[in-house]
Amino acid sequence: MATMADVARSAGVSVATVSHVLNGTRPVLPHTRQAVLDAVEDLGYTTNTLARSLVTARTRSIGLAVSAISNPYFTEILQGVEAAALEAGYSLLIADPHDDPGHERKVVQLLHERRVDGMIVAPSADPRDLLAYLERHDVPAVFLDRLVDAPGAAGGPRFDQVCADNAEPMSRLVTHLAGLGHRRIGLVAGRPGLSTTSERITGYRSGLAFAGLAYDERLLVHGDSESAGAEQATEALLSLGVPPTALVTGNNAMTIGVLRALSAHGLSVPGDIALCCFDDFTWADLFSPRLTAIAQPGRDIGARAVRVLLERLAEPDRAARTVRLPCTFVHRTSCGCTSPSEEGTPS
């Protein structure tokens, strides 16, 4: 196996120069850099990551703890994280906390024991043990999608956070339905305790208020962010004496459960009940009717989380920040519009 010294001899440079080229630790003249890269290619040299980590105390690896990896939304986030990490020369270690606080704490510890340089975590609804562990061990971390209420000494967040806008896009779905004449608009919300759930409920209520509609607590049910839970929650809405004429779902998994419940009752969308969903997904355009949805920038969220983490590693003492990315209103026909006129507008 070729060594760094072999590369240096082949390129006619010092071992230190080869190190600077491969690690980006110092500018190198273009022709010298190319000579080193050519030698690396000719000799088939690969970096000894383990040896380098012993010297630098860095493994150039990132831990990613995300629940429901099978969820198309989190799959998009994973793709964004992976692409950005690879571009920056980092490997990725992935674990699924299963939205369980106890398991979340264990997988984060396992990732930490693998000496990852930092972590990207989508926290559970009860992240207290997670926060305690990260703080106790001073682990560089970025929270993804779901935020934590963790003010620092100056009143800001203790950790960097990256997520999509939630309240305003949800409000837009509600006002859109109200503008079509609906006065009883139900919400199938996600798991209580998650920031995404609370923010989307806030958006739901503000949308009702903006449309001049009274909030009716019976029209808000929780589907626990899962298909089966959403199916049961929709059953509860349909059993009301005066059921809703329109529904909004809190994520893509729950949209499936809602559609299943409506089908079981022989109800058509949008003929019998209008439907809008938070979270677009690849096959939303294949449904009949096509689903009006809020599309989150999953790949961009994942990529931005990596960049924020790398900035944290470069500047450990800088103030933590929360980054929010805009969503897109994707106007189709499940809301009852036969000829959408504003497809793909930012929200």
Test item: [X] side-chain N/O and [Y] main-chain N/O as donor-acceptor pair under 3.5 Å:
X	Y	value
Asp42	Ala39	no
Thr175	Ser171	yes
Ser195	Leu147	yes
Arg114	Ser61	no
Arg332	Arg290	no
Thr322	Gln161	no
Arg146	Pro123	yes
Ser225	Arg191	yes
Asn166	Ala164	yes
Arg304	Val162	no

Please examine the side chains of [Y] and [X], heavy atoms only from C-beta on, and report whether any two atoms are closer than 4.5 Å.
X	Y	result
Val121	Val66	no
Ile201	Leu220	yes
Met254	Phe278	no
Val330	Thr292	no
Val258	Thr234	yes
Cys277	Asn252	no
Pro270	Pro289	yes
His222	Thr197	yes

Please check if [X] and [Y] belong to a single hydrophobic cluster, counting links between Ile, Leu, Val, Met, Phe, Trp and Tyr side chain heavy atoms closer than 4.5 Å.
X	Y	answer
Ile77	Leu194	no
Val306	Leu325	yes
Ile294	Phe210	no
Leu110	Leu64	no
Val188	Tyr215	yes

Closest contact, heavy atoms only, [X] versus [Y]:
X	Y	result
Leu247	Leu177	O-CD1, 4.1 Å
Arg158	Leu131	NH2-CD1, 4.0 Å
Val116	Ile62	CG1-C, 4.1 Å
Ser334	Val269	O-CG1, 3.6 Å
His331	Cys337	NE2-SG, 3.2 Å
Ile185	Ala178	CD1-N, 3.8 Å

With a 4.0 Å cut-off, would you call [X] and [Y] a salt bridge?
X	Y	result
Arg312	Asp117	no
Arg307	Asp300	no
Glu199	Arg324	yes
Glu231	Arg260	yes
Asp216	Arg184	yes

Decide whether [X] and [Y] meet the rule of one side-chain donor and one side-chain acceptor closer than 3.5 Å.
X	Y	result
Asp6	Thr3	yes
Asp145	Tyr73	yes
Thr17	Ser14	yes
Gln296	Asp279	yes
His98	Ser67	no

Checklist line | side chain to side chain contact (heavy atoms under 4.5 Å, CB included) between Leu291 and Thr255, worked out | finding: CA-CA 10 Å; Leu291 298 176; Thr255 299; 4.0 Å; yes

- [ ] Look up atom CD1 in Ile301 and atom CZ in Arg299, then write down how far apart they are to the nearest 0.5 Å.
- [x]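 Atom-to-atom, Ile301:CD1 and Arg299:CZ are 12.5 Å apart.
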
